[in-house]
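Positions are given from 1, in the same order as the sequence printed here. Please read all numbers here as calculations on a predicted model, not as lab measurements.
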Amino acid sequence: MKRGDSLYRRLLAWLLLPLLALGGLMVFQAWVDARHTADRAFDRLLEAASLAIAEQVQWQDDRLWLDLPPAALDMLATDAEERVFYSLVDRDGRFITGNAELPGDERGDSESGDTLLYRNVEWQGMTLRQGVRRSRLEDWRLRERFEIRVAHSREGRDALTHELLRANLAYILAMALVAVVVLLVAIRSALRPLTRLRRAIRARDPRTLAPLDLPLPRELAELRETLNELLARMRRVRANQERFIGDASHQLRTPLAGLSARAELALRHDDPTRWRDALSAMQATSARTARLAMQLLSLTRLDNPEYRPELTPLDLNDLARQAVRDHWAVCHRQGIDLGVECASRPVRIQGIDWQLQEALNNLIDNACRYGGRRITLRTHARPPILEVEDDGPGIPESRRLLVLRPFHRGEEGGEGSGLGLAIVDSIARAHGARLELTQGTDGQGLIVRLRFSEESP
């Protein structure tokens with residue numbers, strides 16, 4: 001819909017167009033009916049005039065003879081002052097008498113009784129309505145056939161047609177006016193609930209997400225329910241955001257307060273050894289805080305419904321090998337055995353490189369923080385699977401759903417931020433994969449598995 005377009009104008013246009021077309025058809029039909037009525041009325045006059053003339057035809061002196069009374073042609077005279085013509089023609093088509101030699105009619109003849117034919121003719125530069133009566137003398141001595149041709153110009157017919165058309169147009173215009181008024185009232189009445197809905201939405205406080213409670217017709221009630229569903233989702237999103245902001249502020253406030261306390265305590269001493277210990281503690285705290293901030297940014301970006309990066313073809317084997325290369329040095333210094341077991345052939349999916357790398361980083365970091373001494377990355381081809389197994393304490397089955405929530409730690413007092421598995425879960429959902437937490441192969445430890453569909457999104 002174009003900018004500035006109006007639903008009222010669109011409805012009015014789409015409803016008026018058929019009315020205008022119907023009005024045009026009615027006007028055309030009124031003109032056809034008026035012309036037909038005028039022709040029928042004047043054709044009756046032609047019929048009467050030709051009959052009056054035919055009754056005066058006689059046989060005299062071995063030929064046809066006509067004594068035309070004035071009344072025979074006077075009946076064709078109207079206020080329009082038409083020109084009237086007539087002629088008598090014998091059976092051979094010879095002109096006998098009349099005030100004009102009118103053309104004949106080549107249409108079929110009748111052997112018995114009178115035949116009356118009507119037609120419009122162009123004659124001497126004039127448009128005439130002609131009636132041809134084919135008759136015969138009925139006498140005991142002879143049966144002579146003849147034609148009476150009568151014609152008059154169309155002034156009277158046209159005047160009557162226009163008069164009848166004007167009367168019909170007045171009736172049609174009155175109906176059209178009533179129809180337009182009713183249409184305008186009907187459209188305004190039908191759109192009034194939409195106006196009430198618009199005003200109700202405009203009058204709302206922008207900060208409120210309460211559902212709309214407004215009586216509306218069925219079609220607009222569906223729109224109201226859709227808006228209420230959207231508001232409900234926005235309430236859930238806002239509640240999640242408020243809870244996340246509260247948790248994040250709490251998680252960041254604690255290490256920042258620790259940094260401030262460490263610095264204040266170090267400033268009270270003159271011993272360089274105390275300063276070194278304080279700086280070491282502050283460095284570890286700042287590293288954890290930086291890691292927490294990065295995880296918070298990742299989780300916020302993953303939970304943004306407007307963020308839709310483009311998926312590209314990936315090989316899970318390459319991702320697993322790259323993750324091992326990135327973490328091998330750190331794990332080696334901590335005495336952790338980090339390895340990878342890849343499928344024998346490429347494991348292709350459609351995904352986002354940095355997100356899956358972030359998921360592996362979080363899983364390896366979690367395994368290191370919670371006591372894993374042996375960490376193995378594996379891939380499987382059918383269906384595509386990426387998993388990380390460690391031999392740490394694992395997670396009880398009753399708490400496996402809880403650890404997917406942000407800021408929920410697997411162990412009370414642990415060093416982690418409680419965001420690692422929440423980030424992995426968000427990445428799995430973004431890839432249409434299912435996140436599974438199961439016990440290790442030897443009955444201890446934890447396996448975190450991302451099971452992708454055969455046709456990943």
**Q** Nearest 0.5 Å please: distance from the CG atom of Leu15 over to the CG atom of Leu20.
**A**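 Here the rounded value is 11.0 Å.
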
**Q** For Arg83, is there any backbone N or O sitting under 3.5 Å from a side-chain donor or acceptor partner on Ser153?
**A**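 A pair under 3.5 Å: yes.
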
**Q** Could you go step by step and tell me if Phe42 and His152 meet the side-chain contact (heavy atoms from CB on, under 4.5 Å) rule?
**A** CA-CA 10 Å; Phe42 277 83; His152 64 171; 3.5 Å; yes

**Q** Could you walk me through whether Leu377 and His327 pass the side-chain contact (heavy atoms from CB on, under 4.5 Å) check?
**A** CA-CA 12 Å; Leu377 279 64; His327 292 81; over 6 Å; no

**Q** I need the Ile352 CD1 to Leu356 CG distance, nearest 0.5 Å.
**A**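 The CG atom of Leu356 is 7.5 Å from CD1 of Ile352, to the nearest 0.5 Å.
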
**Q** If you compare all heavy atoms of Leu46 against all heavy atoms of Tyr118, which two are closest, and at what distance to 0.1 Å?
**A**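 Result for this residue pair: CB-CE2, 4.0 Å.
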
**Q** In the structure I gave you, are the side-chain heavy atoms of Val132 and Leu102 within less than 4.5 Å of one another anywhere?
**A**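 Not in contact.
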
**Q** More than 12 heavy atoms of other residues, nucleotides or ligands under 6.0 Å from CG of Leu17: is that the case?
**A**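 More than 12 within 6.0 Å, yes.
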
**Q** Between Arg63 (side chain only) and Ile96 (backbone N and O only), is there a donor and an acceptor less than 3.5 Å apart?
**A**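 Looks like no, no N/O pair under 3.5 Å.
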
**Q** Does the side chain of Arg235 come within less than 4.5 Å of Pro211's, by heavy atoms?
**A**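 Result yes, sub-4.5 Å side-chain heavy-atom pair found.
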
**Q** Please tell me whether Asn361 and Gln357 have a donor and an acceptor in their side chains that are separated by less than 3.5 angstrom.
**A**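 No pair is found: no donor N or O on one side chain lies under 3.5 Å from an acceptor on the other.
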
**Q** Before you tell me yes or no, could you show the steps for Leu446 and Glu389 under side-chain contact (heavy atoms from CB on, under 4.5 Å), namely the whole-Å CA-CA distance, both residues' side-chain angles and the distance that decides it to 0.1 Å?
**A** CA-CA 6 Å; Leu446 178 70; Glu389 180 181 3; over 6 Å; no

**Q** Within the side chain of Thr379, is there an N or O that forms a donor-acceptor pair under 3.5 Å with the backbone of Ala343?
**A**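 It does hold such a pair.
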
**Q** Could you tell me the separation between the CG atom of Leu137 and the CD atom of Gln58, rounded to the nearest 0.5 Å?
**A**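 It comes to 8.5 Å.
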
**Q** With side-chain contact (heavy atoms from CB on, under 4.5 Å) as the test, pick out the partner of Ile349 among Leu314, Leu386, Leu450, Leu311.
**A**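 Filter result, single survivor: Leu314.
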
**Q** Take atom CZ of Arg199 as the centre, draw a 6.0 Å sphere, and report whether it contains more than 12 heavy atoms from other residues, nucleotides or ligands.
**A**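 12 or below, so no.
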
**Q** So, are Asp33 and Arg40 salt-bridged, with charged N and O less than 4.0 Å apart?
**A**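 Arg40 and Asp33: not salt-bridged.
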
**Q** With a 4.5 Å heavy-atom cut-off, do Arg35 and Val32 have their side chains touching?
**A**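 No - every pair of side-chain heavy atoms lies 4.5 Å or more apart.
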
**Q** Tell me, yes or no, whether the heavy-atom count around Asp213 atom CG, taken from other residues, nucleotides or ligands under 6.0 Å, exceeds 12.
**A**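 Open: at most 12 neighbouring heavy atoms sit under 6.0 Å from CG of Asp213.
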
**Q** Minimum heavy-atom separation for Val347 and Asp315, please, with both atom names.
**A**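 That closest heavy-atom pairing would be N-OD1, 2.9 Å.
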
**Q** Does atom CZ of Arg44 have more than 12 heavy-atom neighbours from other groups under 6.0 Å away?
**A**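 No, not enclosed.
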
**Q** Here's one to test your reading of the geometry: is the NZ or CZ of Arg149 within 45 degrees of the ring axis of Phe85 and under 6.0 Å from its centre?
**A**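 Ring-cation test returns no.
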
**Q** Show me the donor-acceptor pairs, under 3.5 Å and distance only, between side chains in residues 189-197 and residues at least two apart or in other chains.
**A**
residue	atom	partner	partner atom	Å
Thr195	OG1	Leu191	O	3.2
Arg196	NH1	Pro215	O	3.3

**Q** Are the side chains of Glu387 and Val448 in touch, meaning some heavy atoms are under 4.5 Å apart?
**A**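 SC-SC contact between Glu387 and Val448 ruled out.
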
**Q** Do you know which of Arg133, Arg136, Arg134 makes salt bridge (charged side-chain N to carboxylate O under 4.0 Å, His left out) with Glu147?
**A**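 Going through the options one by one, the only one that passes is Arg134.
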
**Q** Supply the atom-to-atom distance Met26 CE to Gln29 CD, rounded to the nearest 0.5 angstrom.
**A**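 The CD atom of Gln29 is 9.5 Å from CE of Met26, to the nearest 0.5 Å.
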
**Q** So, does Asp390 use its side chain to make a donor-acceptor pair with the main chain of Ile375 at under 3.5 Å?
**A**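 A pair under 3.5 Å: no.
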
**Q** Tell me, please, which residues at least two apart from Arg224 pass side chain to side chain donor-acceptor pair (under 3.5 Å).
**A**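 By the side chain to side chain donor-acceptor pair (under 3.5 Å) rule, Arg224 matches no residue at all.
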
**Q** Got a sec: does the OH of Tyr171 have more than 12 other heavy atoms crowding it under 6.0 Å?
**A**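 Open.
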
**Q** Over all heavy atoms of both residues, which pair between Leu435 and Leu421 is shortest? Give the atoms and the distance, please.
**A**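 Taking Leu435 first and Leu421 second, the nearest heavy atoms are CD2-O, 4.4 Å.
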
**Q** Would you say the side chains of Thr312 and Gln350 form a donor-acceptor pair under 3.5 Å?
**A**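 No, Gln350 and Thr312 have no side-chain donor paired with an acceptor closer than 3.5 Å.
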
**Q** Please round to the nearest 0.5 Å and tell me the distance separating atom CG of Leu230 and atom CD of Glu225.
**A**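 Answer for the CG-CD pair, Leu230 versus Glu225, is 12.5 Å.
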
**Q** For Glu436, I'd like to know if atom CD has over 12 heavy atoms of other residues, nucleotides or ligands within 6.0 Å.
**A**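 Yes.
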
**Q** Name all residues meeting the salt bridge (Lys or Arg N to Asp or Glu O under 4.0 Å) criterion together with Asp90; count only those two or more places apart in sequence or in a different chain, and write none if there are none.
**A**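 Once residues adjacent in sequence are excluded, the partners of Asp90 under the salt bridge (Lys or Arg N to Asp or Glu O under 4.0 Å) criterion are Arg94.
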
**Q** Please test Ile148 against Tyr86 for side-chain contact (heavy atoms from CB on, under 4.5 Å), starting from the C-alpha separation and ending with a verdict.
**A** CA-CA 7 Å; Ile148 302 296; Tyr86 77 98; 5.8 Å; no

**Q** Taking CE in Met175 as the centre, count heavy atoms belonging to other residues, nucleotides or ligands within less than 6.0 Å. Is the count above 12?
**A**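 Yes - once you tally the heavy atoms of other residues, nucleotides and ligands closer than 6.0 Å, there are more than 12.
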
**Q** Provide the closest heavy-atom pair for Leu319 versus Leu360 in the form atom of the first, atom of the second, distance.
**A**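 In this case the closest contact between Leu319 and Leu360 is O-CD1, 3.7 Å.
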
**Q** Hey, mind stepping through Asp39 and Arg129 against salt bridge (Lys or Arg N to Asp or Glu O under 4.0 Å) and telling me if it holds?
**A** CA-CA 9 Å; Asp39 282 341; Arg129 180 69 170 177; 5.0 Å; no

**Q** If you take all heavy atoms of Asn317 and Pro346, which pair is closest and at what distance?
**A**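 Answer, listing the atom of Asn317 first, then Pro346: ND2-CA, 3.7 Å.
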
**Q** So His431 and Phe452, would you call those rings parallel, tilted or perpendicular, with 30° and 60° as cut-offs?
**A**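 The arrangement is perpendicular - the two ring planes meet at more than 60°.
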
**Q** So, for Ile447 and Arg449, which heavy atoms are closest and what is the spacing to 0.1 Å?
**A**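 Where Ile447 meets Arg449 most closely, the heavy atoms are CG2-NH2, 3.7 Å.
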
**Q** Is it true that, when you exclude Arg198 itself, more than 12 heavy atoms of the residues, nucleotides or ligands shown sit nearer than 6.0 Å to its CZ?
**A**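 Counting neighbours around CZ of Arg198, more than 12 heavy atoms of other residues, nucleotides or ligands fall under 6.0 Å, so yes.
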
**Q** Check whether any side-chain N or O of His162 sits under 3.5 Å from a backbone N or O of Asp158 as a donor-acceptor pair, and report yes or no.
**A**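 Indeed, once roles are kept as given, a pair shorter than 3.5 Å links the two residues.
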
**Q** Rounded to the nearest 0.5 Å, how far apart are CD1 of Ile53 and CG of Leu88?
**A**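 Reported value, rounded in 0.5 Å steps: 9.0 Å.
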
